[in-house]
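When reading the values below, keep in mind they use all heavy atoms of this one structure, side chains included, and skip hydrogens, waters and symmetry mates. Here, residue 1 is the first one in the sequence, and each next residue gets the next number.
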Amino acid sequence: MDFALNDDQRAIQDAARAFAQDLLLPSSAEWDEAKHFPVDVMRQAAEMGFCGIYTSEDFGGLALGRVEAAIIFEELARGDVSVAAFISIHNMATWMVDRFGSYDLRQRYVPSLTTMENIASYCLTEPGSGSDAAAMRTSAVLQGDEWVLNGSKAFISGAGTSDVYVVMARTGEPGPRGISAFVVDKDAPGLSFGAQEKKMGWNAQPTAIVQFDDCRIPAANLLGKEGDGFRYAMMGLDGGRLNIAACSLGGARLALETAQEYVTTRKQFGKALAEFQNPQFKLADMATDLEAARLMVLRGAWAIDTDHPEKTKWCAMAKRLATDACFQIADEALQLHGGYGYLKDYPLERIVRDLRVHRILEGTNEIMRVITAREMLRQ
């Protein structure tokens with residue numbers, strides 16, 4: 001086993017790290033406080049290829065692997081978890097269009113998505129079907145040369161701002177085989193958006209309901225084959241789970257670095273906190289858990305890149321472990337700061353708020369356990 005990054009991967013890591021340090025981290029607190037969605041900065045990330053990381057080169061993507069994507073998202077999230085997480089969602093939606101769309105559909109949409117001239121959102125979850133995604137009720141009916149969509153999607157990142165929506169809707173029988181995937185433009189007749197959600201974290205990106213009321217789109221906006229949409233969505237989620245896990249790594253790493261610096265300067269009982277055994281043990285455990293989580297994420301990424309037969313299980317395992325461990329690391333970092341950690345003068349309370357949702361989205365961590373156990377018991 002070779003755990004070292006190659007020269008190209010180190011160069012990618014350095015570039016993402018510099019971008020996050022210079023353009024994300026300095027404004028992270030301000031964006032959170034103002035609930036500002038920094039589209040202009042994300043478009044600068046797109047100029048570096050970070051909005052089409054594993055999209056093919058045909059229409060402007062970098063065609064990198066999921067290992068490289070994990071490296072990039074960890075670095076971006078160290079600068080701002082919320083912004084990095086949205087870029088990961090945009091990448092997932094862009095990849096789905098590029099991977100499953102017709103040549104004409106790819107030609108129409110992918111170039112403007114990789115540059116982030118147009119922003120993309122991923123629409124799977126519904127108000128009445130979260131973990132049971134295959135129970136979705138949003139429908140799509142073919143009428144002449146148009147699909148007519150009715151229903152709603154909940155908790156959609158970018159809703160109301162995004163230009164393109166990758167939507168899963170029911171076109172046939174109950175269950176996963178009756179679901180298809182579509183590309184919907186923001187200006188499609190019958191498409192509307194709910195009020196912006198008031199959230200605990202992820203304040204630097206908008207979240208709202210997406211509503212379809214006799215929403216009409218061209219028949220050509222079907223992604224791939226009718227009835228294959230749920231399979232496409234799950235393939236996207238394998239990588240999406242790793243992206244969110246990698247974003248957890250970045251947030252936890254900043255929390256750990258902040259705590260390490262704090263305990264070396266903060267004094268109690270005449271000594272720096274770093275001279276006491278309890279903070280030393282806390283730091284050691286946090287660093288160990290972060291490294292273990294990173295290795296799990298990279299193995300999951302390698303499994304997708306090599307099309308390993310156990311890739312879905314390893315991605316679920318990595319997402320569960322990394323998002324749980326990284327939230328705990330951030331919480332411990334806050335605890336080491338005492339009362340100061342609860343103040344917005346330090347980034348800890350923001351990191352804790354932003355990382356908490358990672359244990360819920362892209363499939364809750366309880367569902368990750370279901371997937372892991374199911375795959376184990378099939379053997």
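In this structure, a donor-acceptor pair under 3.5 Å is present between the side chains of Asn365 and Thr323. When only modelled atom types and interatomic distance are considered, Arg99 and Thr55 share no side-chain donor-acceptor pair under 3.5 Å. Donor-acceptor pairing under 3.5 Å is lacking for the side chains of Asp213 and Asn150. A donor-acceptor contact closer than 3.5 angstrom is absent between the side chains of Tyr54 and Asp305.
Annotation: Gln268, atom CD; neighbour count of heavy atoms from other residues, nucleotides and ligands within 6.0 Å is above 12.
Met42 is listed as a side-chain neighbour of Val83, based on a closest heavy-atom distance under 4.5 Å. Using a 4.5 Å heavy-atom cutoff, the side chains of Gln13 and Leu5 are in contact. Annotation: side chain of Lys271 is not in contact with side chain of Lys267 (no heavy-atom distance under 4.5 Å).
At distances below 3.5 Å, not a single donor-acceptor pair connects side-chain atoms of Thr94 with backbone N or O atoms of Asn91. When atom types are taken as modelled, the side chain of Lys153 and the backbone of Met168 share a donor-acceptor pair closer than 3.5 angstrom. At distances below 3.5 Å, not a single donor-acceptor pair connects side-chain atoms of His337 with backbone N or O atoms of Leu343. Checking side-chain atoms of Asn221 against main-chain N and O of Val183 turns up a donor-acceptor pair under 3.5 Å. No donor-acceptor pair closer than 3.5 Å links the side chain of Asn118 to the backbone N or O of Ser112. Judged by distance alone, the side chain of Arg170 and the main-chain N or O of Ala134 form a donor-acceptor pair under 3.5 Å. Remark: side-chain polar atoms of Ser102 are paired, donor with acceptor, to backbone N or O of Leu105 under 3.5 angstrom. At least one donor-acceptor pair under 3.5 Å links the side chain of Ser180 to the backbone N or O of Gly227. A donor-acceptor distance shorter than 3.5 angstrom exists from the side chain of Asn6 to the backbone of Gln9, with no hydrogens or angles considered. The backbone N or O of Leu25 lies less than 3.5 Å from no partner atom in the side chain of Asp80, so there is not a single donor-acceptor pair.
One distance of note links CG of Leu24 with CZ of Arg78; it measures 11.0 Å at 0.5 Å rounding. Between atom CZ of residue Arg241 and atom OG of residue Ser88 there is a gap of 13.0 Å, rounded to the nearest 0.5 Å.
For the pair Arg177 and Phe230, the cation does not sit on the ring face, since its NZ or CZ is not both under 6.0 Å from the ring centre and inside 45° of the axis. Under the 6.0 Å distance and 45° angle rule, Arg66 does not count as a cation-pi partner of Trp314.
Aromatic pair Trp202/His358: ring centres closer than 6.0 Å.
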Report the C-alpha distance between Met286 and Leu336 in whole Å, list the side-chain angles of each, state the deciding distance to 0.1 Å, and finish with yes or no for side chain to side chain contact (heavy atoms under 4.5 Å, CB included).
CA-CA 12 Å; Met286 293 157 69; Leu336 283 171; 4.2 Å; yes

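Between Phe100 and Tyr232, the angle of the ring planes stays under 30°, which puts this pair in the parallel group of the 30/60° scheme. The aromatic rings of Tyr165 and Phe193 are tilted relative to each other, their planes meeting at an angle between 30° and 60°. Between Phe269 and Phe276, the ring planes lie perpendicular to each other; the angle is over 60°, past the 30° to 60° tilted range.
Note on Arg253 versus Glu75: salt bridge recorded, some NZ/NE/NH1/NH2 to OD/OE distance being below 4.0 Å. Residues Lys319 and Glu362 are not paired through a salt bridge, judged by the lack of any N-O separation under 4.0 Å between the basic side chain and the carboxylate. Here Glu349 pairs with Arg353 in a salt bridge; the nearest charged N to carboxylate O distance falls below 4.0 Å. Arg43 has no carboxylate O lying under 4.0 Å from a charged side-chain N of Asp40, or vice versa, which leaves the two without a salt bridge.
Of the candidates Val141, Val167, Leu142, Trp147 forms a side chain to side chain contact (heavy atoms under 4.5 Å, CB included) with just one, namely Leu142. Only one option out of Val166, Asp98, Val164 pairs with Tyr109 in a side chain to side chain contact (heavy atoms under 4.5 Å, CB included); it is Val164. When each of Asp324, Asp354, Asp331 is tested with Arg359 by the rule salt bridge (charged side-chain N to carboxylate O under 4.0 Å, His left out), just one qualifies, namely Asp324. In summary, of the residues considered (Lys199, Lys198, Gln196), a side chain to side chain donor-acceptor pair (under 3.5 Å) with Thr207 occurs for Lys199 alone.
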